[in-house]
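Single-structure report; data block below.
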Amino acid sequence: MKVEDVLTEVLIRLGDRDKYDIMNLPQDDEEINTIVKCINMVISEIASDYLPVEFEEEVEVINGVIPYDNLSKKLINLKNVTKNSTKIDTKMYPNELLVKADGMVRVQYMYMPNAVKLGDIISLSPKITLMLIVYGVLGEYCLLQGRYEDSSLYDKRYREMLKIACRVTKEIKLKHGWWN
């Protein structure tokens, strides 16, 4: 989904849809910039606290160390480090990973998405719907505007939709021939 998709839905619910041309949004409009900041707040909350986004890449280990700056994304949590499909012992420190290997390794981790701006695409889990983000943004925006009742209503909807998105669905397997 695009930032403009979220922005359009937010503006419709705020009653400001006719005020802007979505195809030519002003870059310096205070309301638009505030809504984009709210979009970033919601994306950060979802990615850090609820449904982290995973990434995997090859990184070179030098003297048993991988500085976080060498990773292409902002690491939130490490899943694993492997070399030739073998898991390698790794410890996380504030600025680096200590790895018991040298050379190229495959690092799988959860990351914090970069801040979005107009024209960007929001990349989160497929479980995150447009309306989930819209309700989160509306909750934040109304809170900033001092519209506390509206904020509470939108935030409640956002939290309910977030619970549904975070549900773990398990595959049910039946033993062969149990029905005989």
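These numbers come from a predicted model, not from an experiment. In what follows, every heavy atom counts, from backbone to side chain, and hydrogens, waters and symmetry copies are set aside.
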Provide the closest heavy-atom pair for A165 versus K127 in the form atom of the first, atom of the second, distance.
O-CD, 3.0 Å
Would [X] and [Y] show up in the same hydrophobic cluster when neighbours are defined by side-chain heavy atoms closer than 4.5 Å?
{"X": "M161", "Y": "V6", "answer": "yes"}
{"X": "L162", "Y": "M110", "answer": "no"}
{"X": "M41", "Y": "L14", "answer": "no"}

Any non-hydrogen side-chain atom of [X] less than 4.5 Å from a side-chain atom of [Y]?
{"X": "I121", "Y": "M1", "answer": "no"}
{"X": "I39", "Y": "I122", "answer": "yes"}
{"X": "K163", "Y": "R159", "answer": "no"}
{"X": "Y158", "Y": "V42", "answer": "yes"}
{"X": "T86", "Y": "T82", "answer": "no"}
{"X": "Y154", "Y": "R13", "answer": "yes"}
{"X": "V107", "Y": "E56", "answer": "no"}
{"X": "L11", "Y": "I32", "answer": "yes"}

Could you grab the distance from atom [atom1] of [X] to atom [atom2] of [Y], nearest 0.5 Å is fine?
{"X": "Y50", "Y": "I128", "atom1": "OH", "atom2": "CD1", "result": "10.5 Å"}
{"X": "L51", "Y": "L132", "atom1": "CG", "atom2": "CG", "result": "9.0 Å"}
{"X": "E30", "Y": "I35", "atom1": "CD", "atom2": "CD1", "result": "11.0 Å"}

So, the side chain of [X] versus the backbone of [Y]: is there a donor-acceptor pair under 3.5 Å, distance only?
{"X": "N40", "Y": "V116", "answer": "yes"}
{"X": "K117", "Y": "V36", "answer": "no"}
{"X": "D49", "Y": "I46", "answer": "no"}

Look at K2 together with D5 and state whether they make a salt bridge at an N to O cut-off of under 4.0 Å.
no
Anything under 30° is parallel, anything over 60° is perpendicular, the rest tilted; go ahead and classify Y109 against F55.
perpendicular
Please check if atom NZ in K37 has more than 12 non-hydrogen atoms from other residues, nucleotides or ligands closer than 6.0 Å.
no
Just list the side-chain donor-acceptor pairs under 3.5 Å for residues 136-148, sequence neighbours left out, or say none.
from: Y141; atom 1: OH; to: E31; atom 2: OE2; distance (Å): 3.3
from: R147; atom 1: NE; to: D150; atom 2: OD2; distance (Å): 3.1
from: R147; atom 1: NH2; to: D150; atom 2: OD2; distance (Å): 3.0

Can I get a per-line list of side-chain donor-acceptor pairs under 3.5 Å for residues 58-80, giving both atom names and the distance, sequence neighbours left out?
from: E58; atom 1: OE2; to: R106; atom 2: NH2; distance (Å): 3.2
from: Y68; atom 1: OH; to: Y93; atom 2: O; distance (Å): 2.6
from: Y68; atom 1: OH; to: E96; atom 2: O; distance (Å): 3.4
from: S72; atom 1: OG; to: E57; atom 2: OE1; distance (Å): 3.1
from: S72; atom 1: OG; to: E57; atom 2: OE2; distance (Å): 3.2
from: K79; atom 1: NZ; to: E54; atom 2: OE2; distance (Å): 3.0
from: N80; atom 1: ND2; to: Q108; atom 2: OE1; distance (Å): 3.4

